[in-house]
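The structure under discussion appears below in the form of structure tokens.
As the structure lists them, so they are numbered: ligands from 1, and atoms in each ligand from 1.
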Amino acid sequence: MRTPIIAGNWKMNNTAKEGAALVEALKPLVKDAACDVVVCVPAIDIPAVAQAVQGSNIRLGAQNVHFAQKGAFTGEISADMLLEYGVQYVIIGHSERRQYFGETDETVNKRVLRALEAGLLPIVCVGETLSERETGKTEAVLLKSLTEGLKDVQSPEKLIIAYEPVWAIGTGKTATAEQANETIGYIRSVLAKLFSPAIAQTIRIQYGGSMNAGNCKQLMSMPEIDGGLIGGASLKPMDFSAIVHFDK
Ligand code: PGA
């Protein structure tokens, strides 16, 4: 059985102080969660949030990691820098990184390989745009992103995949539970070919895109959906904790 994983993606929200306060509010609300609970926070919030999550069941995640160990990469953050603060998870290849910062399946792959080598658990984001869905290209896009993004991965059981249809992110438009389940099922079939059917059964695949307190129960009831990557709703403790408790 795959343990569900609910991860907040704060994006560029919350200063370090605000982030620590959010986590303090969240701690009592999620302390008896039956799933893994993660907050992926802005890099500069990491020290404060690392302190705030201590002794709780909330795990710390980053929103990106560079593929080099260190060196002349102005503005970037290395895996070792994250690890020193107890960061365990890292989002890689979010559609906003792909859209605004030139991230490609190739750079995603380099970051995934580096994260795994360093001992971070990558949350690898894939998803189609609205025009790709409307022109029937969803499966081709996902196949390419997964094949290229996960090339040469030696420890696939450490991966978490987030299926985030770009048209559902921050738009209030959610994929229907059936749509998300079907597409995640397709992703799992690709993972079975890339790795093995047995490994594909162990890899957790999240849905992301306007998941909220109202729709999480239905999405999480689908057999292929193992969790959520939550943007907007992760900024409000009550909303995020309602998603964490999707099973209640
Ligand atoms: P959203 O963002 O929940 O605000 O749609 C999800 C994401 O981008 O990870």
Please identify which atoms of ligand 1 are closer than 4.0 Å to at least one heavy atom of [X].
{"X": "Glu164", "result": "6 (C), 7 (C), 8 (O), 9 (O)"}
{"X": "Ser210", "result": "1 (P), 3 (O), 5 (O)"}
{"X": "Gly170", "result": "1 (P), 4 (O), 5 (O)"}

Exercise. Counting only heavy atoms, which portion of Ser234 has something under 4.0 Å from ligand 1: side chain, backbone, both, or neither?
Worked result: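 The answer is neither.
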
Exercise. Just heavy atoms, cut-off under 4.0 Å: does Asn9 contact ligand 1 by side chain, backbone, both, or neither?
Worked result: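 Looking at Asn9 and ligand 1, just side chain atoms fall under 4.0 Å.
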
For this session: May I ask you to check whether Ile230 has an N/O atom sitting below 3.5 Å from an N/O atom of ligand 1?
Result: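 Checking ligand 1 against Ile230, no N or O pair falls under 3.5 Å apart.
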
Exercise. Would you say ligand 1 has an N or O under 3.5 Å from any N or O of Gly232?
Worked result: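 Yes; at least one N/O pair falls below 3.5 Å.
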
Problem set entry | Tyr163 and Glu128: side chain donor to acceptor below 3.5 Å |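 Indeed, the side chains of Tyr163 and Glu128 share at least one donor-acceptor pair under 3.5 Å.
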
Exercise. Going by atom types only, do Gln201 and Arg2 share a side-chain donor-acceptor pair under 3.5 Å?
Worked result: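 Indeed, the side chains of Gln201 and Arg2 share at least one donor-acceptor pair under 3.5 Å.
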
For this session: Would you confirm whether Arg114, through its side chain, and Ala79, through its main-chain N or O, come within 3.5 Å as a donor-acceptor pair?
Result: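 Between the backbone of Ala79 and the side chain of Arg114 there is no qualifying donor-acceptor contact (under 3.5 Å).
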
Exercise. Under the 3.5 angstrom rule, does the side chain of Asp105 hit a backbone N or O of Glu148 as a donor-acceptor pair?
Worked result: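 No, Asp105 side chain to Glu148 backbone: no donor-acceptor pair under 3.5 Å.
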
Exercise. Should Val124 and Ile160 be counted in the same cluster of Ile, Leu, Val, Met, Phe, Trp and Tyr side chains packed under 4.5 Å apart?
Worked result: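 No, it is not one cluster - the side chains of Val124 and Ile160 are not joined through contacts under 4.5 Å.
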
For this session: Please name the residue in the list Glu164, Gln63, Gln99 that meets the side chain to side chain donor-acceptor pair (under 3.5 Å) test with His94.
Result: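 The residue from Glu164, Gln63, Gln99 that satisfies side chain to side chain donor-acceptor pair (under 3.5 Å) with His94 turns out to be Glu164.
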
